[in-house]
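Working notes, structure below.
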Amino acid sequence: MAQNEDGGGEESFGSRFLSGLKGMILEDEVPAKRAPAEAPAAAAPAPAAGAAARGNPGQSPSAPAPSFTAPASQDSPMFASLLSVTLARATAYTALTEAMTPLEEIIPDEMTRYRAAFAVIKKNRTLEQVVQAIDLQHMEVLAEEVARFAVQAKSKQFQDVQSRVDESTNLKARIDAANAQVANLRRELEEKVRAIEDGVQRDRQRAAEIDRAVDENQKAIAAVQRQFDAAAAAVRESLTGAKAKILKYLA
C-alpha cells in the first residue's frame, strides 16, 4: 500500500475534492453527490489499512484497538482518499498493515491478526517504531494535509464564492440604478401629468367663461330682436292706417 509520494496529497486530495464544489452556489443539490465519481483510484488500497490504521498492538485485551469500520463517515471516498495520502509514505506502521492484508480472510479475530502480522515484521520493526510511525510521521502528514486543505478551501472560496459575491454586488448596483431611474421617470411623469391637468383646468375655466359670454350675447340679441319686431309691427300698423286715411279722404 505504502509508496513514497511526498507532496502528492495536495493534488490527489484537497484540490480534487474542492473542485467538486464548483458551481455549488447555483445548484439545488449539494455537489458532494458527485464526489464518488471523482474519488481517486489511489483510495482503493485503503481497506487494507482500514483494519489496522488505528490499532495499537501493545494494548491489553480489556482495551481493544478501535476499528476503521466503526464510523459511517469512514466509508466515504474522502476518508479513503485522505487515509491513502496519510499512509502514502512507507513506515513501520504501513509495514504492519501490509502484513495484515493477506491475513484478513484467514484470521477473523482482530487481536490475533494484529499479533500475527507483528510477528512477521518484528525482526525488522519494533513496537515502538510502529507507534512512533503513527505519532511522528502519519499524524504529521495528516496535520500537513489539514493545513493545506484549509488554504485550498480559502482559495476556493475566494475564486468561486467571491466571483458570485462580486456578481451579486454588481446586480444590486444595477437594481439601485434602475430604481433611481424609475423614480426620476415617475417624478417627471407626475410633473407632466400635473402640467396637463393644470392646462385642462385652465381650458375648462375658459370654456365656461366663453359659454357664459355666448349665453349673454344670445340673450341680448333676443332682446333686441323683440324690440325690433315690436318696432316693425308698429311701423306696419302706422303705414296701414295712413293708407286707409288716404283712400278715405282723397279718393
Item to check | Shortest non-hydrogen contact between Ile121 and Ala99, atoms and distance | outcome: CG2-CB, 4.0 Å
Next on the checklist: Between Glu209 and Arg206, does any side-chain N to carboxylate O distance fall below 4.0 Å?
Outcome noted: yes
Next on the checklist: Grouping I, L, V, M, F, W and Y whenever their side-chain heavy atoms are under 4.5 Å apart, do Met139 and Phe79 come out in a common cluster?
Outcome noted: yes
Checklist entry - Same cluster or not: are Leu136 and Val130 linked, directly or through other Ile, Leu, Val, Met, Phe, Trp or Tyr residues, by side-chain heavy atoms under 4.5 angstrom apart? => result no
Next on the checklist: Would Thr94 and Thr97 count as a side-chain contact (heavy atoms from CB on, under 4.5 Å) here? Give the steps.
Outcome noted: CA-CA 5 Å; Thr94 59; Thr97 62; 4.2 Å; yes
Checklist entry - Got a second to check how far Arg236's CZ is from Thr240's OG1, nearest 0.5 Å? => result 8.0 Å
Checklist entry - Side chains of Asp229 and Gln225: do they bring a donor and an acceptor to under 3.5 Å? => result yes
Next on the checklist: Tell me whether Asn217 contacts the main-chain N or O of Ala213 through its side chain, where contact means a donor paired with an acceptor under 3.5 Å.
Outcome noted: yes
Item to check | Test log, rule salt bridge (charged side-chain N to carboxylate O under 4.0 Å, His left out), inputs Lys219 and Glu216 | outcome: CA-CA 5 Å; Lys219 290 179 179 179; Glu216 292 175 357; over 6 Å; no
Item to check | Pair Glu190 + Arg187, salt bridge at N-O below 4.0 Å | outcome: no
Next on the checklist: With rounding to the nearest 0.5 angstrom, report the CG to CG distance, Asp109 to Leu103.
Outcome noted: 12.0 Å
Item to check | Carboxylate-amine/guanidinium proximity below 4.0 Å for Arg202 and Asp198 | outcome: no
Checklist entry - Does CD belonging to Glu128 count more than 12 external heavy atoms closer than 6.0 Å? => result no
Next on the checklist: Please determine whether the number of non-hydrogen atoms from other residues, nucleotides or ligands lying under 6.0 Å from atom CD of Glu105 exceeds 12.
Outcome noted: no
Item to check | Spatial distance of atom CG (Asn184) from atom CG (Leu189) [nearest 0.5 Å] | outcome: 12.5 Å
Item to check | Side chain Arg89, main chain His138, donor-acceptor under 3.5 Å | outcome: no
Item to check | Transitive ILVMFWY side-chain link Val141 to Val146, under 4.5 Å | outcome: no
Next on the checklist: Just verifying a value: how many Å separate Ile107 CD1 and Met100 CE, rounded to the nearest 0.5 Å?
Outcome noted: 9.0 Å
Item to check | Spacing of NZ belonging to Lys245 relative to CG belonging to Leu247, to within rounding of 0.5 Å | outcome: 13.0 Å
Next on the checklist: Using 0.5 Å steps for rounding, measure from the CD atom of Glu197 to the CZ atom of Arg194.
Outcome noted: 8.5 Å
Checklist entry - Do you know the tightest heavy-atom contact between Tyr114 and Leu96? => result O-CD1, 4.2 Å
Item to check | Heavy-atom closest contact (Gln137 atom, Thr91 atom, distance) | outcome: OE1-CG2, 3.4 Å
Next on the checklist: Could you report the tightest heavy-atom contact between Ile106 and Pro102, atom names first, then the distance?
Outcome noted: CD1-O, 3.3 Å
Checklist entry - Just by modelled atom types, is the Ala80 backbone N or O under 3.5 Å from a matching donor or acceptor in the Ser84 side chain? => result no
Checklist entry - At their closest point, which heavy atom of Ala133 faces which heavy atom of Ala92, and how far apart are they? => result CB-N, 4.1 Å
Checklist entry - Does a salt bridge link Arg148 with Glu145, judged by any charged N lying under 4.0 Å from a carboxylate O? => result yes
